Enquirer: 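Starting off with a structure, shown below.
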Amino acid sequence: MTFFTVVIRGLWRRPLRTGLTLAGISIGIAAVVALVGMSRGFEKGWQVGLKARGTDIVVSNRGGSLTPKPFDASVRDRIAGLPHIAATCNLLVEVTSVEESDLMILSAREWGGFAWNNLELVSGRMPRDATEEAAVLGQTAAEVLKKKIGDPIQIETKKLTVVGIVKGGALVEDGSVILSLPLLQGIIGAPNQINAIDIGVTPSTTEQQIKELTRQIEQLVPEVRAVTVSEHLSHNEGFRLVKAMSWGTSLLAILVGVLGVMNTMLMTVFERTHEICVLLAVGWTRGRIMRMILYESALLGLFGGVIGVAIGAIGVQVLSATPAIKGLLQPDLSIALLGLSVVIAIAVGIISGLYPAWRSSRLNPSQALQAG
Amino acid sequence: MTPPSASALLEAKALTREFDEGHVKALRGVDFSIKEGDFVAIVGPSGCGKSTLLQLLGALDRPTSGTLFYRGISLPDHPNPAAYRAREVGFIFQAFHLLPTFTAAENVQIPMFETDRSASERRERAFELLKLVGLEHRLDHFPSKLSGGERQRVAIARSLANEPSLLLADEPTGNLDSENAHSVFDLIISLQQEQGRTMVLVTHDPTIAGRAGRTLRMMDGRIVSDDKR
């Protein structure tokens, strides 16, 4: 028998309670994995989407919402002449409800702009010109909206026709309804309004020069913000809110986990007062008693963490396949996130065990062992 | 502090123990000296302070005043009372105090965690000890599956785990029927005599006390007689 056997035996003493405590921790950890994994996936999805359409810099209005505020299309003419710019493309992007789907990305692109170039037709055709009342759907969007070529699609007050289904090389592109810019401007009654300019730089441009370019753009047009693709989301307040909320909720889940484990470990110390006193009487040091309790709670954390990561990973896959959010997020479950979650769980175990361990080491063996 | 005499294993002077802020005086000034290899029975009515005295000897509790030396070291000031309990003392309780979630062999191994023995050495020693108390066929039984007499034998094996010099027994046969009490007591006597350990045994059974070499009779927290044979 090793010390580890003693620790395991302690947990096995009350299988139901240990099981319920494990359930508590694992649900907390599953929440961490799911929420943080989804918010990271969301971030990554947009980044890949922007890169897939050849964008290096995004120019948008300084604003707090998930989609930026509109500004005048003439801004593009003021910055087009700056060095290293190879191409620009005006955009109007909305996240809105389309027919049955509550969250759909409407991506209106300047007719002939480079954002159209990376779209690969799966079936049908592209719109004939800027004014044809037609839209193409990303593969996932078509699936979610249950549309095929020739079907009508209601965008705000206008009925368009689905003429093509495309593959965009990224989740965000695949989940979008793509149409020409003048068409959407006409539908929402905002001619000349855009809310983003995608900029592609010349191939030899260095990271340093791109940074410099963003600075020049902001100098030239103070009302807009130019950020590189990788910075784009970290500067977006809406996204920062999503991130803060996912960590905030996770923290709450972790706190509940800590209280759960602490309660269990305190109960176990109270229940085992007599046994702990016997251990003290046969010569166990207070340090060894504390170690026993701490190992027990750390082990609860480890097991809870592993189970929680499994539940979280499976849950998030199931969730991302539901029609409501399909195509909007592909969770990013990196090994680092899963590892971090297990580490958090073990830390939860150790922190929750500290006070019960201290309590156990303060027990006085003489009273508990009085004859009888 | 009075210096201890050299030959004594245990020496107490003016030992008192009060509880409840002095309202309960369990020991009211106890003096005695116990030599290596002595077999001492402490007798007296319930509440006379004999169990309290035993707990002080085992460093499970600290006296309110007075001195208590073990081999010349003051027990209340012992730098490492856990090590004293683990290596020098073996406890045998009336209620056995076995751990319910561990088998007989595992219960015997519990005190050995405080020594350098490896896991296999611990297992071997537990087997030897259980053989010594006649339970080699009960190694993997949990306490709930053992009779009272068997439980006390496991507890006796556990008390010997780290080869202590001093055995402290608190009514070791008090929870047993007369037949079991008899055989368990014979076992205790043989362990004391064959291995020459010092034994301090609390009892109120006069026949058991009669087999000890020395009887300390207590009353109201004091030693009232000290009979040597």
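Below, all heavy atoms of this structure are taken into account, side chains as well, without hydrogens, waters or symmetry copies. So that the names make sense, note that chain A is the first sequence line, chain B the second, and so on, each numbered from 1. Here the structure is a predicted model, which means the values were calculated and not measured.
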Enquirer: Heavy-atom distance under 4.5 Å between the side chains of A:V6 and B:F113, does that happen here?
Expert: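 A:V6 reaches B:F113 side chain to side chain.
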Enquirer: Of the listed residues (B:T103, B:N162, B:T101), which shares the most heavy-atom pairs with chain A below a 4.5 Å separation?
Expert: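 Sorted descending by pairs with chain A, the first entry is B:T101.
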Enquirer: Within a 6.0 Å radius of atom NE2 on B:H204, are there more than 12 heavy atoms belonging to other residues, nucleotides or ligands?
Expert: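 It does not: B:H204 NE2 has 12 such atoms or fewer within range.
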Enquirer: Counting only heavy atoms not in B:H182 (residues, nucleotides, ligands), do more than 12 fall under 6.0 Å from its NE2?
Expert: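 It does not: B:H182 NE2 has 12 such atoms or fewer within range.
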Enquirer: What closest approach, in Å, do A:T2 and B:A119 show between heavy atoms, and which atom pair accounts for it?
Expert: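 Nearest pair, atom of A:T2 first, then B:A119: CG2-CB, 4.4 Å.
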Enquirer: Can you confirm whether more than 12 heavy atoms, excluding those of B:R211, are under 6.0 Å from its CZ atom?
Expert: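 Atom CZ in B:R211 is packed in, count exceeds 12.
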Enquirer: Count the heavy atoms belonging to other residues, nucleotides or ligands that lie under 6.0 Å from CG of B:N80, then report whether that count exceeds 12.
Expert: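 Check passes, neighbour count above 12.
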Enquirer: By number, which residues in residues 278-292 of chain A have some heavy atom less than 4.5 Å away from chain B?
Expert: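 Expected list: A:V278, A:L279, A:L280, A:A281, A:V282, A:G283, A:W284, A:T285, A:R288.
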Enquirer: Can you measure from CE (A:M1) to CD (B:Q109) and round to the nearest 0.5 angstrom?
Expert: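 Rounded to the nearest 0.5 Å, the CE-CD separation comes to 4.5 Å.
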Enquirer: If I measure from the heavy atoms of chain A, does B:R87 come under 4.5 Å with its side chain, its backbone, both, or neither?
Expert: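 When you check distances to chain A, no heavy atom of B:R87 falls under 4.5 Å.
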Enquirer: Give the member of B:S159, B:P100, B:P164, B:S118 that has the highest number of heavy-atom pairs under 4.5 Å with chain A.
Expert: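 Sorted descending by pairs with chain A, the first entry is B:P100.
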Enquirer: Return the minimal non-hydrogen interatomic distance between A:S366 and B:L60, and the atom names on each side.
Expert: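 Taking every non-hydrogen atom into account, CB-O, 3.5 Å.
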Enquirer: Counting only heavy atoms closer than 4.5 Å, note whether B:F102 contacts chain A via side chain, backbone, both or neither.
Expert: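 Both parts, backbone and side chain.
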Enquirer: Give me the contact list for residues 8-28 of chain A versus chain B, heavy atoms only, anything under 4.5 Å, ordered by residue number.
Expert: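 Listed by number, the contacting residues are A:R9, A:R13.
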